[in-house]
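Note on naming: letters A, B, ... go to the chains in the order of the sequence lines (proteins, then strands), and numbering restarts at 1 for each one.
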Number of protein chains: 2
Amino acid sequence: MLEDRVERIRQILQAHNYKMTPQREATVRVLLEHEDRHLSAEEIFLLLKERVPDIGLATVYRTLELLSDLEIVYKVNFGDGVTRYDFRKEGMARHHHHLQCIRCGKVEEIHENLLADVEKLVEERYGFKVLDHRLTFLGICRECQEREEREKAAKEGAGSGTSEAASSRERGER
Amino acid sequence: MLEDRVERIRQILQAHNYKMTPQREATVRVLLEHEDRHLSAEEIFLLLKERVPDIGLATVYRTLELLSDLEIVYKVNFGDGVTRYDFRKEGMARHHHHLQCIRCGKVEEIHENLLADVEKLVEERYGFKVLDHRLTFLGICRECQEREEREKAAKEGAGSGTSEAASSRERGER
DNA sequence: GTGGTTGCAAACTATTTGCATCGTC
DNA sequence: GACGATGCAAATAGTTTGCAACCAC
């Protein structure tokens with residue numbers, strides 16, 4: 001099964017006059033084996049190092065760019081400054097979406113085809129041929145909602161009122 | 001009207017113990033005056049230079065980060081390596097979405113509330129409090145569809161068959 | 001007056017590119 | 001054997017940070 005998919009990609013590469021090198025094959029395998037993970041180039045690079053120890057980071061970027069151009073992988077951007085790469089299921093849109101918590105930054109993935117009707121509408125109304133979509137909901141995850149509820153309750157007792165200021169930003173992510 | 005909105009933001013800043021400096025006010029005004037534009041930090045910086053000539057780029061980034069934390073602006077990412085900033089309408093989700101062409105890179109904006117029902121479903125099913133969403137359709141815009149149609153027709157005559165290879169990637173964007 | 005804010009320059013991070021070398025088809 | 005692919009190092013691009021001077025409240 002996995003072999004079939006690797007083989008399929010080899011064919012796509014060859015059909016476009018690209019070579020299937022060990023580095024590219026290893027990259028494809030890493031991607032396939034972590035299909036559910038949204039890996040960054042750096043993470044892929046580290047995983048690859050274990051199998052192809054002297055692969056260069058530039059090669060990883062070049063391979064990912066190539067796979068992206070061939071529409072074999074997606075680039076995904078969670079706004080944390082890193083591009084992540086997702087394997088793309090043959091021909092069809094992904095039908096998976098992200099729930100990103102604006103408090104803790106966690107990204108959860110959900111698998112539902114929420115947008116079939118919406119895509120159709122966009123095609124009809126705007127003459128835009130939809131191949132895929134990226135949908136991210138921004139909000140507050142259940143855990144953070146509960147935590148904030150607790151914190152609010154705790155504050156009811158001791159709150160002075162002044163100076164809740166500029167310190168709440170200090171736990172800046174990125 | 002514009003003054004009201006600036007004033008409102010001054011209040012939000014003060015309520016969080018931040019000061020409304022000339023630089024911040026100018027930044028807010030630039031954002032308000034280009035509400036429909038998805039400006040990058042660099043673009044905002046250049047626009048600001050005209051009014052506050054010795055403003056520093058770092059200040060622009062810091063201001064935008066602050067406005068983002070206060071949920072006054074959004075960060076938007078089109079995957080071209082630049083973060084863009086959108087003004088956020090008071091309290092409510094934006095209800096505007098993007099059509100991004102994977103050929104020419106152009107981003108068109110559409111204004112429709114496509115997702116009210118979908119948000120409700122996500123809240124119920126995943127306990128995730130949705131504050132906003134980002135929806136980008138990836139596909140091929142009308143112009144590129146037509147251009148490709150033309151190119152394909154032209155090729156019907158002279159096509160050798162071999163070597164359509166690696167050159168189609170050369171017009172790499174970013 | 002004081003603590004947040006600024007501008008500048010330097011630092012960082014992610015990604016890209018030039019080039020000599022290498023390896024697949 | 002040729003031409004695409006690789007690794008390395010250097011270059012870029014976007015963004016962040018340290019710090020002394022500054023200024024809004």
Side-chain angles (χ1 to χ4, degrees), chain A residues 10-11 13-28 39-46 48-49 52-70 75-85 162-170 172-174, chain B residues 10-11 13-28 39-46 48-49 52-70 75-85 162-170 172-174:
Chain A
R10 180 192 310 277
Q11 287 168 11
L13 285 175
Q14 288 176 346
H16 291 261
N17 277 24
Y18 295 116
K19 294 168 185 168
M20 178 59 116
T21 63
Q23 292 90 333
R24 287 180 180 167
E25 180 167 340
T27 305
V28 166
L39 296 170
S40 67
E42 190 79 34
E43 288 167 341
I44 293 167
F45 174 63
L46 292 175
L48 280 168
K49 275 279 188 186
V52 192
D54 51 359
I55 193 171
L57 182 53
T59 302
V60 177
Y61 275 107
R62 281 188 281 232
T63 301
L64 292 170
E65 187 63 28
L66 174 58
L67 294 177
S68 173
D69 285 352
L70 294 176
K75 292 185 180 183
V76 190
N77 224 302
F78 291 145
D80 60 350
V82 211
T83 303
R84 292 160 194 291
Y85 299 84
T162 24
S163 183
E164 64 95 11
S167 52
S168 64
R169 295 185 60 236
E170 298 310 340
E173 280 103 48
R174 170 158 233 248
Chain B
R10 180 193 309 279
Q11 287 167 13
L13 286 175
Q14 289 176 345
H16 290 262
N17 277 23
Y18 295 115
K19 293 169 185 167
M20 178 59 116
T21 62
Q23 291 90 332
R24 287 181 179 166
E25 180 166 339
T27 305
V28 166
L39 296 170
S40 67
E42 192 78 33
E43 290 167 338
I44 294 167
F45 174 62
L46 292 175
L48 280 168
K49 274 279 189 185
V52 192
D54 51 358
I55 193 171
L57 182 54
T59 301
V60 177
Y61 274 107
R62 281 187 283 232
T63 301
L64 291 170
E65 187 63 30
L66 174 59
L67 293 177
S68 173
D69 285 352
L70 294 176
K75 291 185 181 184
V76 190
N77 224 302
F78 291 143
D80 59 349
V82 210
T83 303
R84 292 161 193 289
Y85 299 84
T162 23
S163 183
E164 63 98 10
S167 53
S168 65
R169 295 186 59 235
E170 297 311 339
E173 281 103 46
R174 164 150 232 252

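Checking dG7(C), dT15(D), dT15(C) against every side-chain atom of I55(B), the shortest atom distance belongs to dG7(C). The side chain of E65(A) approaches dT16(C) more closely than any other nucleotide in the set dC8(C), dT16(C), dT15(C). The side chain of K19(B) approaches dC25(D) more closely than any other nucleotide in the set dA9(D), dC25(D), dA14(C).
Contact annotation for S40(B): no contact, since no heavy-atom pair falls under 4.0 Å across all strands.
Expressed to the nearest 0.5 Å, how far OG1 of T27(B) lies from CD1 of I55(B) amounts to 4.5 Å.
If you measure from atom CG of L57(A) to atom P of dA5(D), you get 18 Å, rounded to the nearest angstrom. Rounded to an integer number of Å, the gap from D54(A) CG to dG7(D) P is 6 Å. Nucleotide dT6(C) holds its P atom 16 Å from the OH atom of Y61(B), rounded to whole Å. Rounded to an integer number of Å, the gap from L66(A) CG to dT16(C) P is 13 Å. In this structure, F45(B) atom CZ and dG14(D) atom P are separated by 13 Å, rounded to whole Å. The interatomic distance linking N17(A) (CG) with dC3(D) (P) rounds to 12 Å, in whole Å. Look at CG on L64(B): it is 12 Å from P on dT6(C), rounded to the nearest Å. The NZ-P distance, from K49(A) to dT6(D), rounds to 14 Å in whole Å.
In terms of position along DNA chain D, the nucleotide closest to T21(A) lies nearer the 5' end than the nucleotide closest to the other residue of the pair T21(A) and R10(B). Nucleotides of DNA chain D nearest to Y85(B) and Q23(A) differ in position, and the one nearer the 5' end is that of Q23(A).
Dashed line: the shortest gap from a side-chain N or O of R24(B) to OP1 or OP2 of dA24(D) is not under 4.0 Å.
Nearest heavy atoms, E65(A) versus K75(A): OE1-NZ, 2.9 Å. The minimum heavy-atom distance linking L57(A) with A41(A) is given by the pair CD1-O, 4.3 Å. Nearest heavy-atom pair, S40(B) versus V82(B), reported as atom, atom and distance to 0.1 Å: CB-CG1, 3.6 Å.
Side-chain atoms of R62(B) and base atoms of dG4(C) include no donor and acceptor less than 3.5 Å apart.
Proximity of L66(A) to H16(A): side-chain heavy atoms (C-beta onward) are nowhere separated by under 4.5 Å.
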